[in-house]
Structure formats: C-alpha cells, structure tokens
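Below: the structure, in structure tokens.
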There are 2 protein chains.
Amino acid sequence: MAYSEAVSSGSLIILELKQIMAKDSKNADSYEAVPASLSNSAGFLLNMAARSIREKVTAALEPLGMTTQELGLLRILDGQGANTQQALCNKHNIDRTTMVQIVDRLEERQLVMRQQSTEDRRANLIHLTPRGRKTLAKANRLTKKQQEQFLMPLSETEWEALRQSLIKLLVHHGRGKTD
Amino acid sequence: MAYSEAVSSGSLIILELKQIMAKDSKNADSYEAVPASLSNSAGFLLNMAARSIREKVTAALEPLGMTTQELGLLRILDGQGANTQQALCNKHNIDRTTMVQIVDRLEERQLVMRQQSTEDRRANLIHLTPRGRKTLAKANRLTKKQQEQFLMPLSETEWEALRQSLIKLLVHHGRGKTD
DNA sequence: TATTGTTATACTCTATAACTATA
DNA sequence: TATAGTTATAGAGTATAACAATA
C-alpha cells in the first residue's frame, strides 16, 4: 500500500494528535506518542494528507477502472485539446515508454484515440473520444464529492488559505518542463 | 519518476500559474494553459507539493544511503524506543513482509538491531543502534535544511496555518491502526 | 487456533537500451 | 544526426500465500 512516499508514512501523527487532544480524557492511553518532530515535518504532513486524499480518489475511481494518473491525462486533454505523446510526457513528467503503456490502456478502453500528426508524421496526436469525455465527466463528479468530503474539516477560508499556500510552494519550486 | 500518485502529476499547475502571473509579460506565451480545475484540485495540489518536498528530501538523504521511509522508521524508534516489527507495521502502515525487508536493509547497515522479545518469543524488538542514532541525527540535520528551503516562500504565519490545516485534515481522516 | 516473522513468488509502476520511421 | 513512438527487458517497491516457531 505505501510507497516510500513519506518521511514517515502511517498513522502516527494522527495518534499523537489524538493523544494531545485527548490529554485529559480517559482514552488517551489507547494512543501512542510519536516524536514531536513529525508534527512539524512538512514532508510528513504533506505526504500523509496527499496520501489520504489520493486513496479516497483512487477508491472513488475504481468502479470506472481509472487511475488518478489516467484522470490527470484526460483532464489535460480536455482542457488543452489533442496533444502528442511527447507533450503529454513533459506535462505529466513521466517517461516516453511509460506514456506508451498509459495511452495503450486508455485506447483499449476507447477513452482516447491515437492519430498520426500531419505536421510531423512521427508524432501521435492523442484525442479525447466522446466516450472519454463522458467518462471524464463521471470521474469529475465522483472526485468532486471526494474532495468535498476531504475538505469538510476546513472552513472555506481555511481551504482557500491552504490552496494559496500550496500554489505558492509549487510556483516557487516549479520544476518540470515548460514545453 | 512519477508514481500514480497525483490526480495529475507533472508541472502543469506551475505553468498555468506562471502564465497567470505573467499575463502581461512577453513571456506568457512560452507557458501552456492547463484546465483551471487542476488549481482547485486538493488532490493535485497536495500531491504535487508532497512530491516536491519528498524529492528534495530523498535527494538530501542520498549521501546517507537512506530512504524517506527508513528515516520515518528510525524516527519512530528514536521517539518511542524499541518496537516489534508488527508494531512498526501498524505505525508505518505497511505489510509484514515488506517490513522484513526494510529491517533487513537497516540491520545490514547496522542502524538497527533485532532482538528476540522475552515477553513474546515470536516477536523481534527492533532497537536503534548508536550508529543508527548518529545517522538519524545527520539525516535530521539534512532534512531540516530541506524543509527550511522548501517553506521559504511562506511566512511563519502561513506555514503555521498550513500546518494546522494539514493536521486538521489528518485528524479528521485519521485512518490507521491504534496499535 | 491465531500470531510473528520469514521465504518464495508475483504484480505494478517505472525506467533503460535498442529498434523503426520519420525529420 | 536527432526525434517520436515502440518493444523487450529489468529494476524498484509492494503484496499474497505458505511455512516455522511460538502463543
């Protein structure tokens, strides 16, 4: 289940937090302490939160037989129109050979279509099919619900602040190709 | 490089943001637009931010030959003392068989030690060795620097708000075993 | 009978190297 | 000579199933 994704994956921080919050309650003993450093670790907190919503979204997409990665690709195609595989690689930050497999799977399910580019006959333009568009709409509906559930503990203001902070971090650490 | 980790991995959001910010600049055209939905996607933003810091920390740990996952385990052992493999599994949320391999690798490098529990002779207590403690101290120094760099674009107040929001989310969605 | 740790095995995701067809 | 896509292959990281020792 876990990738080597977190400075410390798992549920410890939650346990610690519950312990702190239940300090005066009789249930405190059923939770374990955790090094305080973890609740100050940006990596730990971000990875845990990311993992939490990713798992929820992954589960929500399961009936559609779609992965979060595939959803991301479909969203790019929906927002930007047809792209070559190479362009998708740059935008999604994955390898050419991996892209072949992802597009293979999407094409099998007729969610996208390969079309040789007339401008450069080496390149495939990847098109979203009507079926792909419909599936994407379903996926967006499902994931919207997940996001709402996930963000429930935050107020609108808090979510907006979180959003802005994350955007700031991403802009500042912008990696990736500019195409 | 990318796991199927993000609703959409890659650098698109960054491109979009730069585009917005450079709207009046002559460089705007070198960036690509991206579906606006992605900048509102908690999954996308969290996964991208998590991935960004994770990659930095992973790189920083490379000279120590340590993964972020291993660092997490060492921190647990440092904060809580010896744990059985099973306990570590619950806390780290990974499989028994995977834990065997992780502990194998840590033991090879003499960062931890297996010791049969006297209370339950089936169980191994995993101890941090002096060498493990020293390596952990080094790792903590390195990762502290990474975190500071990563959080640079945020003010103290913003980081504290981000931290609190992430903690709220984790507490509310607390999964994992309570041991 | 259930649980801890282990081994053997397999699956998923990803990347490297070599190929083809274009440019 | 370089690039887009493909194929075969290999490497991580993880999990499932079966087993030994112990509870």
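As a basis for the values below, the full set of heavy atoms in this structure was taken, side chains included, without hydrogen atoms, waters or symmetry mates. Numbers restart at 1 for each chain; the letters A, B, ... are given by sequence-line order, proteins then strands.
If you find the closest nucleotide of DNA chain C to A:Ser117 and to A:Thr97, the one lying nearer the 5' end belongs to A:Thr97. Mapped onto DNA chain D by nearest heavy atom, B:Asp95 and B:Thr118 fall at different nucleotides, with B:Asp95 at the one closer to the 5' end. In terms of position on DNA chain D, the residue among A:Val103 and B:Glu119 whose nearest nucleotide sits closer to the 5' end is A:Val103.
To the nearest angstrom, C1' of D:dT6 lies 15 Å from CZ of A:Arg105. Rounded to whole angstrom, the span from the CZ atom of A:Arg122 across to the P atom of D:dT1 amounts to 16 Å. A:Gln101 has its CD atom 8 Å from the C1' atom of C:dT14, to the nearest Å. Whole-Å rounding puts the A:Gln86 CD to C:dA23 C1' distance at 14 Å. Between the CD1 atom of B:Ile102 and the P atom of D:dT14 there is a distance of 6 Å, rounded to whole Å. We find that CD of A:Gln116 is positioned 11 Å from P of D:dT6, with the value rounded to whole Å. Spacing between atom CD1 of A:Ile94 and atom P of C:dT12 amounts to 17 Å, rounded to whole angstrom units. Counting to the nearest Å, the C1' atom of C:dT3 and the CZ atom of B:Arg96 are 8 Å from each other.
Taking the charged nitrogens against the carboxylate oxygens, B:Arg109 and B:Asp104 have no contact shorter than 4.0 Å, which rules out a salt bridge. The pair B:Arg163-B:Glu160 meets the salt-bridge criterion, with a side-chain N (NZ, NE, NH1 or NH2) lying under 4.0 Å from an Asp/Glu carboxylate O.
Side-chain contact check for B:Thr143 and B:Arg75: at least one donor-acceptor pair (N or O, by modelled atom type) lies under 3.5 Å. Checking A:Gln85 against A:Arg114 by side-chain atom types alone, a donor-acceptor pair falls below 3.5 Å.
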Requested in this report: I would like to know whether A:Gln146 and A:Ile53 meet side-chain contact (heavy atoms from CB on, under 4.5 Å); could you show each step before the answer?
Outcome: CA-CA 8 Å; A:Gln146 290 309 122; A:Ile53 188 164; 5.7 Å; no
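Taking side-chain N and O atoms only, B:Gln69 has a distance below 4.0 Å to OP1 or OP2 of D:dT14. Contact annotation: B:Gln85 side-chain N/O to C:dT6 OP1/OP2 distance is under 4.0 Å. For D:dT6, the OP1/OP2 oxygens have a side-chain nitrogen or oxygen of A:Arg114 closer than 4.0 Å. For D:dA4, neither phosphate oxygen OP1 nor OP2 lies less than 4.0 angstrom from any side-chain nitrogen or oxygen of A:Arg121.
Heavy atoms of B:Asp120 sit under 4.0 angstrom from primed sugar atoms or phosphate atoms, though from no base atom. Using a 4.0 Å heavy-atom criterion, one finds that A:Thr84 contacts the sugar-phosphate atoms exclusively.
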